[in-house]
Amino acid sequence: MESVLNCIKTRRSVRKYKDQAVPKELLKQIVEAGLYAASGKGKQAPVIITITNRDLITEITQVNAEIMGSPNTDTFYGAPVIILVAGSLKANDKTAFADGTLALGNMMIAAHALGLGSCWINRAKEGLSYDVYKDIFHSLGLNAEDFIGVGHLALGYPEGDLPVAAPRLPMREFYID
């Protein structure tokens with residue numbers, strides 16, 4: 001248990017990545033961690049789409065920057081991998097978003113355990129209304145309208161040291177016996 005807690009405690013968001021490909025075997029392990037996340041009623045509703053195509057990453061980055069209102073910003077910090085997580089509204093619309101967040105959390109911890117850095121990037125929900133996202137889903141035989149975008153995971157080898165965790169804020173844990 002100590003190694004799991006240590007991994008959770010030392011994982012930090014990475015905002016600068018080496019220009020180095022991530023081996024597919026590591027990507028599969030990270031995705032597997034997401035696939036094993038808890039989900040409402042055990043529906044296993046999130047879909048996990050791993051993107052390593054540089055042109056597609058550039059296009060998604062531009063859309064994400066547009067949504068953020070910050071054109072010409074690298075919203076994925078140069079990560080060589082983007083993992084898009086979406087929750088299935090057909091499988092379980094009440095927990096689709098929460099299910100996807102659990103998958104993202106598992107993958108962030110798994111990435112850290114494998115020596116990779118990650119950073120949760122928002123705006124996937126808005127992204128699904130853009131053609132590039134619709135095209136991604138269509139190419140996989142899925143309809144983007146059946147999903148809610150939960151988040152993206154920027155992923156790769158960290159450039160530089162990981163930041164140190166800030167002290168935990170008080171008044172966040174309580175026990176009732």
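Only a predicted model underlies this, so the values are computations on that prediction, with no experimental measurement involved.
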Quiz item: In the single-linkage hydrophobic clustering (I, L, V, M, F, W, Y; side-chain heavy atoms under 4.5 Å), do I48 and L140 co-cluster?
Solution: no
Quiz prompt | Spacing of NZ belonging to K94 relative to NZ belonging to K43, to within rounding of 0.5 Å | solution = 11.5 Å
Quiz item: Transitive ILVMFWY cluster of I176 at side-chain heavy atoms under 4.5 Å: who else is in it?
Solution: none
Exercise. Find out if a path of hydrophobic residues (ILVMFWY) with successive side-chain heavy-atom gaps under 4.5 Å connects F97 to I121.
Key: no
Exercise. Might you work through the side-chain contact (heavy atoms from CB on, under 4.5 Å) test for D131 and K134, ending with a clear yes or no?
Key: CA-CA 5 Å; D131 286 342; K134 290 178 185 178; 4.2 Å; yes
Quiz prompt | Fellow cluster residues of M68, listed by chain then number, with links counted only when side-chain atoms sit under 4.5 Å apart | solution = none
Quiz item: In this structure, which one of T73, D74, N72 forms a side-chain hydrogen bond (donor to acceptor under 3.5 Å, both in side chains) with S70?
Solution: T73
Quiz item: Among all residues two or more places apart in sequence or in another chain, which pass the ring-ring contact (aromatic ring centres under 6.0 Å, His included) test with F137?
Solution: F147
Practice problem: Name all residues meeting the side-chain contact (heavy atoms from CB on, under 4.5 Å) criterion together with D93; count only those two or more places apart in sequence or in a different chain, and write none if there are none. | Solution: L89
Quiz item: Taking it one step at a time, do Y77 and R15 satisfy side-chain contact (heavy atoms from CB on, under 4.5 Å)?
Solution: CA-CA 5 Å; Y77 308 108; R15 291 182 175 85; 3.5 Å; yes
Quiz item: What is the distance from atom CG of D55 to atom CD1 of I57, rounded to the nearest 0.5 Å?
Solution: 9.5 Å
Side-chain donor-acceptor pairs of residues 78-88 under 3.5 Å, sequence neighbours excluded:
residue: S88; atom: OG; partner: K90; partner atom: N; Å: 3.4
residue: S88; atom: OG; partner: A91; partner atom: N; Å: 3.0

Quiz prompt | Distance-minimising heavy-atom pair for P46 and G100 | solution = CG-N, 3.8 Å
Quiz item: Is a side-chain donor-acceptor pair under 3.5 Å present for S39 with D99?
Solution: no
Practice problem: List in chain and number order the residues that pass salt bridge (charged side-chain N to carboxylate O under 4.0 Å, His left out) with D161, two or more places apart in sequence or in another chain; answer none if no residue qualifies. | Solution: none
Quiz item: Using a side-chain heavy atom cutoff under 4.5 Å and only I, L, V, M, F, W and Y, what cluster partners does V4 have?
Solution: I8, I109
Exercise. Mind checking ring-ring contact (aromatic ring centres under 6.0 Å, His included) for Y130 and listing every partner two or more places apart, or none if nothing turns up?
Key: none
Quiz item: Do any pairs count as a side-chain hydrogen bond (donor to acceptor under 3.5 Å, both in side chains) and have a residue in residues 101-120, sequence neighbours left out, and if so which ones?
Solution: T10-H112, W120-N122
Exercise. Identify the two heavy atoms, one from P158 and one from G115, that lie closest to each other, and give their separation to 0.1 Å.
Key: CD-O, 3.9 Å
Exercise. Please check if L35 and V150 belong to a single hydrophobic cluster, counting links between Ile, Leu, Val, Met, Phe, Trp and Tyr side chain heavy atoms closer than 4.5 Å.
Key: yes
Self-check item: Under 3.5 Å: donor-acceptor pair, side chain of R168, backbone of A166
Solution: yes
Self-check item: L102 side, atom CG; M107 side, atom CE - distance, nearest 0.5 Å
Solution: 11.0 Å
Practice problem: Drop me the distance from I136's CD1 to E59's CD, to the nearest 0.5 angstrom. | Solution: 8.0 Å
Under 3.5 Å, sequence neighbours excluded: what are the donor-acceptor pairs made by side chains of residues 18-30?
residue: D19; atom: OD1; partner: R54; partner atom: NH1; Å: 3.1
residue: D19; atom: OD1; partner: R54; partner atom: NH2; Å: 2.8

Quiz item: Taking a hydrophobic cluster as the set of Ile, Leu, Val, Met, Phe, Trp and Tyr residues connected by side-chain heavy atoms closer than 4.5 Å, whether directly or through intermediates, do M108 and V31 fall within one such cluster?
Solution: yes
Quiz item: Which pairs count as side-chain hydrogen bond (donor to acceptor under 3.5 Å, both in side chains) when at least one residue sits in residues 137-159, sequence neighbours excluded?
Solution: Y133-H152
Quiz item: Could you give the distance from CG (L153) to CD1 (I49), rounded to the nearest 0.5 Å?
Solution: 13.5 Å
Quiz item: What about F76 and L56, same hydrophobic cluster or not, with Ile/Leu/Val/Met/Phe/Trp/Tyr joined at side-chain heavy-atom distances under 4.5 Å?
Solution: yes
Quiz item: Tell me, which pairs form a ring pair (Phe, Tyr, Trp, His ring centres under 6.0 Å) where one or both residues lie in residues 15-56, sequence neighbours left out?
Solution: none
Quiz item: Does K125 reach the side chain of I148, with side-chain heavy atoms less than 4.5 Å apart?
Solution: yes
